[in-house]
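To keep things clear, I will list the structure first and then write my remarks on it.
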Amino acid sequence: MSGEDGQRGGGAAGDAGPEQLALVREAVRKAKVPRAKPRTWRGAALAKELPVARVLVDKGVLHLDRYFDYAVPEELDAVAQPGVRVRVRFGAGGRNVRQGRREGGSLIDGFLVERVAESDYSGPLAALAQVVSPEPVLGPELLGLARAVADRYAGSLADVLQLAVPPRHARAEAVELGEPAPPPAAPEPGTWLRYGRGAGFLRALAGGGAPRAVWTALPGPEWAEEIARAVQATLASGRGALVVVPAGRPAARVDEALGALLGEGRHALLTADAGQEKRYREWLAVRRGAVRAVVGTRAAMFAPVRDLGLVVVWDDGDASHSDDNAPFPHVREVLELRASRDKCAFLLGSWSCTVEAAQLVESGWAVPVVAGREQVRAAAPLVRTVGDGDLARDEAARAARLPSLAWQVAREGLRDGPVLVQVPRRGYVPRMACARCREPARCRHCAGPLEARDGAGALLCGWCGREEGGWHCPECGGYRLRAQIVGARRTAEELGRAFPAVPVRTSGREQVLDTVPGTPALVVSTPGAEPVAEGGYAAALLLDGWAMLGRPDLRAGEDALRRWIGAAALVRNQGDGGTVVVVAEPTLRPVQALVRWDPVGHAVRELAERAELGFPPVSRMAAVSGPAQAVLDFLEAVELPPDAEVLGPVPMDAPPVTGAASDTGAGRARRVGAPAAGEPWERALIRVPPGSGASLAGALKSAQAARMARGVSEGARVRIRVDPLDIG
DNA sequence: AGCACGCCGACT
DNA sequence: GTCGGCGTGCTC
């Protein structure tokens, strides 16, 4: 409430330039209105130096995505430093200068961005109402990064800051922090020696360099310790390090590895499931420089690590790395921005390989860190396939839903260890089957799965896209279909009956198991929820591969391969008898890549194909979705760069695919732009060639800002997403 | 989002 | 003349 009272009483009007304007305006407008003193800070004592504060008001709306100037009252001078949280009066009421109505607008939160000597705003300035806390939470690096992310994703700075700066907790702020520990010694390369450029990468980090690498990790549990060593090497150079992983479980693994390597108290763990106080306390310890190393989940990508020397993203193909709040930034992209802006090292690690990662290598931005073929063979399990042809010939398979090869491998594996069974999540894909005899409905041309794409409408083949008109069951002649979804639980029950002597455990959406003992057991899991087995699994069965591959999504192949590799990496190596059976057509590219354990080759081939077709990430895309008319209006209004190409709009699938959400599925139901009840939604994709991404984002942003400023109604609003995740 | 301003028609 | 409709534009 400070500073308010000084403005209340009357007093003579000020006569300085900017105020005069306001007065003239006022006088001209209505002579009958008594010449009131403009609401002004004059009369209240001002800060002597730099009396103007530039403030970012904390509203995500695009048309407010700029700074507003406020006067700094003398008594706030000391605490009103750049980066602090403030409260200011903001709103149209502020312009009402009629007598008796002094303060309009309401108190809203903001960040003080900068102190300057004068304002270029021509009206009278309102005073800062309050400095919430003297903690400068928004430093220049974080501000710059947030700005860059907002620009990249056609979003507002305030929206990004909401993701980047955790909510304040007063008690956490009061905690005194000790001095940061001195840099540790540079680590031994350890298992990094398995990779061609591994040891060199560590040496560069320890020597203060900024190498950038795409690292294809060998299967097995060593990755966490390898990341910890990279962090240690960076700390040894006197710089800080940041590691972002997709979920709490991998975060715990890296946390543990860091603790083992560095000792306790030298790194912070920033995950979403910590309470507000803890989160803010850890975040502050990082910002204040008391802790130099951070591991966390996606919100940690903005962690204000001092003197950042290395950023790491693990498993960038996991959908959890894509934030589900506007403007939907992706960890890999944000860390790329950080590496470029801060001139620090960059490490993207994964057992698999995304097309984007392959592009980083192809463009020369990063170097590949990979193991030689003999290392891969030594670390990976043996992979065998069961295709449709085998299935058709396999009577036992049809009866029991499990191919004979899978039976055999499971039985053998169970002799000396646990066997992992990966089953796609229930509802992953609408899988159609004969309502009478449960025979799966397959395309008569390619044997691909038939899917009911647009609600009650036609049946389409998930592979070749041919429409199936008059389907009838080749087995029993039935003509009614129903979705046949066999989830993990039922699979577990069936397997339990088949191997009555063996315990069956399930891990999935509702309950994720972290680890299982190394004793014989069947472990049924959905993708991403696989427990780690002590000593590794003896075998793994990857069931219903076609369902993973058949998703109508550009990433279906890459995603399936990633999930298979994610499961197969938990299996013992070939030398120790580790075997994987994947039930999917062996001629398909992702299946071959799994058999050869060559995720990079797969990504490189995908990348070439995407380039040819003009698909992302080679071109950049943005999705504009909303009610049909709203999308059309938006496309009419937006001034796109000349090389932009508009695809569509086309009606959106209803309901939207939910299977592409995060891996564990632990997250809440994801709103992928669900059409409001009754209203038909459409989506247009806008594509630009490489290099025009920024101008596309700029154009989308200004068009959206203009529309929002005009206050378009709820039903006329469109949603913009740069780099949409699921493009059919 | 709010909220005031201003330019048009109906009424005292 | 004056009240009040809502369309437009601004918020330091």
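By convention in this document, chain letters (A, B, ...) are assigned in the order of the sequence lines, proteins followed by strands, and residues within each chain are numbered from 1.
As a whole-Å value, the separation of A/Ile108 CD1 from C/dT11 P is 13 Å. Rounded to whole Å, the distance from CG on A/Asp120 to P on C/dC12 is 15 Å. A straight line from OH of A/Tyr70 to P of C/dC12 spans 5 Å, rounded to a whole angstrom. For the pair A/Arg54 CZ and C/dC12 P, the computed distance is 14 Å after rounding to whole Å. Between the CG atom of A/Asp58 and the P atom of B/dA1 there is a distance of 16 Å, rounded to whole Å. Atom OH in A/Tyr67 sits roughly 21 Å away from atom P in C/dC10 (whole-Å rounding). What separates CG of A/Asp159 from P of B/dA1 is a distance of 13 Å, to the nearest Å. In this structure, the CG atom of A/Asp65 is 16 Å from the P atom of C/dT11, given to the nearest Å.
In this structure, A/Met301 CE and A/His321 NE2 are separated by 10.0 Å, a value rounded to the nearest 0.5 Å.
We find that the ring of A/Phe68 and the base of C/dC12 do not stack by the test of centres under 5.5 angstrom and planes tilted less than 30°.
There is a side-chain donor-acceptor pair under 3.5 Å between A/Ser322 and A/Arg721.
Taking A/Gln276 as the reference, nothing meets the side chain to side chain donor-acceptor pair (under 3.5 Å) condition, with sequence neighbours excluded.
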Mind listing the side-chain donor-acceptor pairs of residues 327-336 of chain A below 3.5 Å, one per line with the distance, residues two or more places apart or on another chain?
unit_1: A/His330; atom_1: ND1; unit_2: A/Arg332; atom_2: N; d: 3.0
unit_1: A/Arg332; atom_1: NH1; unit_2: A/Asp316; atom_2: OD2; d: 2.7
unit_1: A/Glu333; atom_1: OE1; unit_2: A/Arg152; atom_2: NH1; d: 2.9

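Using a 4.0 Å cut-off, no side-chain N or O of A/Arg89 falls inside it from OP1 or OP2 of B/dG2.
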